[in-house]
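As structure tokens, the structure follows; a few thoughts come after it.
Note on naming: letters A, B, ... go to the chains in the order of the sequence lines (proteins, then strands), and numbering restarts at 1 for each one.
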2 protein chains.
Amino acid sequence: MLNPRGPVPLYVQVAEQIQQDITAGQLQPGQLAPSEAQIVARWGVARITARKAIAVLRERGLVHTVRGRGTFVGPEGTPHNPKSTKAASIAAELAEEIRAGRYERDVPLPSETMLAQRFDVAKGTIRAAVAILREQGWAYTVPMRGTYATDPARWPKG
Amino acid sequence: MLNPRGPVPLYVQVAEQIQQDITAGQLQPGQLAPSEAQIVARWGVARITARKAIAVLRERGLVHTVRGRGTFVGPEGTPHNPKSTKAASIAAELAEEIRAGRYERDVPLPSETMLAQRFDVAKGTIRAAVAILREQGWAYTVPMRGTYATDPARWPKG
DNA sequence: GCTCATTTGTCCGTATGTATC
DNA sequence: TGATACATACGGACAAATGAG
């Protein structure tokens, strides 16, 4: 992958491999670029080298960095895309199951506690996932009763 | 800015430019002096040169260095200006708003979540900022109720 | 309010190779 | 020969901000 003895510095080689992922569209604006630790693990370089590679991308205006969060694709001001949050992925999985007819219409979905166990996450995460399902129209909640799958006639399309 | 071919070593020249910023008062005691990386970027020198420049300032007693935090203006023991932390600057902004009468006395301040959104920081940072407000006497917290602005009669002075 | 893991920021020490004076 | 300086690269450590739980 990398040529440590060539005329091109390692950090430039790493930067350009990441740049390819960006221009190829595999890394969309707002998404997280590889972290320093990921670069270290993936290319077997030192952290300084990883940092310099990111600095190159930053100078080229391809990414911007937020301390404590990571480096994001796109220039400063690009809206961050939390596409990879746990709640969203759980919501997607549940939506898929609803579409597959796994849940009857008159029976509540599994409780927060059950879902929290199944996905091995906190109840708060399940609550967020259910909120997404409601927003997208896959489910509705009746206070003191539970959350139910939406009628197939009203399923969102796409 | 720098004269690489003159009789004065680069690292001394860099040190003396920073020293000017200090004696001119642009860099106050307790403030962060330029980091190694900033020196590299600003004067286009190598890291070794930046380190040596800082070492010169340290030998002259103008700065002191704390590992992991940076180099601060003033000799060892100088109180670090907490303005450099995010929580402190948020606390200062909120204190200013309290002084301006923006919050009623009987109504809680905005929740941690709201403030975290407004300042685009983590809830932990807001928590630290509120703790500072409490310490300074600008606000007090009632468990399970919220945080309230202090009565104007008890505002800290200064 | 607390702990924990992740991530970036900063500093420290070292090393190799090149170049100038 | 030695001091100065640059560019590159490694490894380690601590600190601060964030986010999940």
(request) Side-chain contact test, heavy atoms from C-beta onward, threshold under 4.5 Å: evaluate it for B:Glu97 versus B:Leu94 and give yes or no. (result)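 Sidechains of B:Leu94 and B:Glu97: in contact.
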
Any residue meeting side-chain hydrogen bond (donor to acceptor under 3.5 Å, both in side chains) with [X], in chain and number order, not counting sequence neighbours:
X: B:Asp151; answer: B:Arg105
X: B:Glu96; answer: B:Arg99
X: B:Arg51; answer: B:Glu36
X: A:Tyr11; answer: none

(message) Once you apply a heavy-atom cut-off of 4.0 Å, does B:Arg58 come out as touching a base, just sugar-phosphate, or nothing?
(response)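 The residue B:Arg58 makes sugar-phosphate contact but no base contact.
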
(request) Can you sort out the partners of A:Arg42 under salt bridge (charged side-chain N to carboxylate O under 4.0 Å, His left out), two or more places apart, ordered by chain and number? (result)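 Only A:Asp21 meet the salt bridge (charged side-chain N to carboxylate O under 4.0 Å, His left out) criterion with A:Arg42.
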
(message) Between P on D:dC14 and CZ on A:Arg67, what's the gap in Å once rounded to a whole number?
(response)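 To the nearest whole Å, that distance equals 16 Å.
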
(message) Output the rounded distance in Å from CG (A:Leu32) to C1' (D:dG19).
(response)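 The distance from CG of A:Leu32 to C1' of D:dG19 comes to 12 Å, rounded to the nearest Å.
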
Where do N or O atoms of nucleotides 7-9 of chain D meet protein N or O atoms at under 3.5 Å, pair by pair?
| unit_1 | atom_1 | unit_2 | atom_2 | d |
| --- | --- | --- | --- | --- |
| D:dT8 | OP1 | A:Tyr11 | OH | 3.1 |
| D:dT8 | OP2 | A:Tyr11 | OH | 2.9 |
| D:dA9 | OP1 | A:Leu10 | N | 2.6 |
| D:dA9 | OP2 | A:Leu10 | N | 3.3 |

Would you be so kind as to tabulate the donor-acceptor pairs closer than 3.5 Å made by side chains of residues 53-63 of chain A, with sequence neighbours excluded?
| unit_1 | atom_1 | unit_2 | atom_2 | d |
| --- | --- | --- | --- | --- |
| A:Arg58 | NH1 | A:Thr65 | OG1 | 2.6 |
| A:Arg60 | NH1 | A:Gln19 | OE1 | 2.5 |

(message) I need the residues from residues 34-42 of chain B with at least one non-hydrogen atom less than 4.0 Å from DNA chain C; give them sorted by number, or say none.
(response)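 Hits under 4.0 Å, by residue number: B:Ser35, B:Glu36.
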
(message) Of all nucleotides in DNA chain C that come within under 4.0 Å of a heavy atom of chain A, which is furthest toward the 5' end and which toward the 3' end?
(response)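 In short, chain A contacts DNA chain C from C:dT7 to C:dT10.
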
(message) Suppose the criterion is ring-ring contact (aromatic ring centres under 6.0 Å, His included): which pairs have a residue in residues 14-47 of chain A, not counting sequence neighbours?
(response)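 Matches after skipping sequence neighbours: none remain.
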
(request) Output the rest of the hydrophobic cluster of A:Val142: all Ile, Leu, Val, Met, Phe, Trp and Tyr residues reachable through side-chain heavy-atom contacts under 4.5 Å, sorted by chain and number. (result)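 Direct or chained contacts put A:Val142 with A:Tyr140, A:Tyr148.
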
(message) A:Phe72: which residues meet the ring pair (Phe, Tyr, Trp, His ring centres under 6.0 Å) condition with it, sequence neighbours left out?
(response)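 Applying ring pair (Phe, Tyr, Trp, His ring centres under 6.0 Å) to A:Phe72 gives A:His64, A:His80.
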
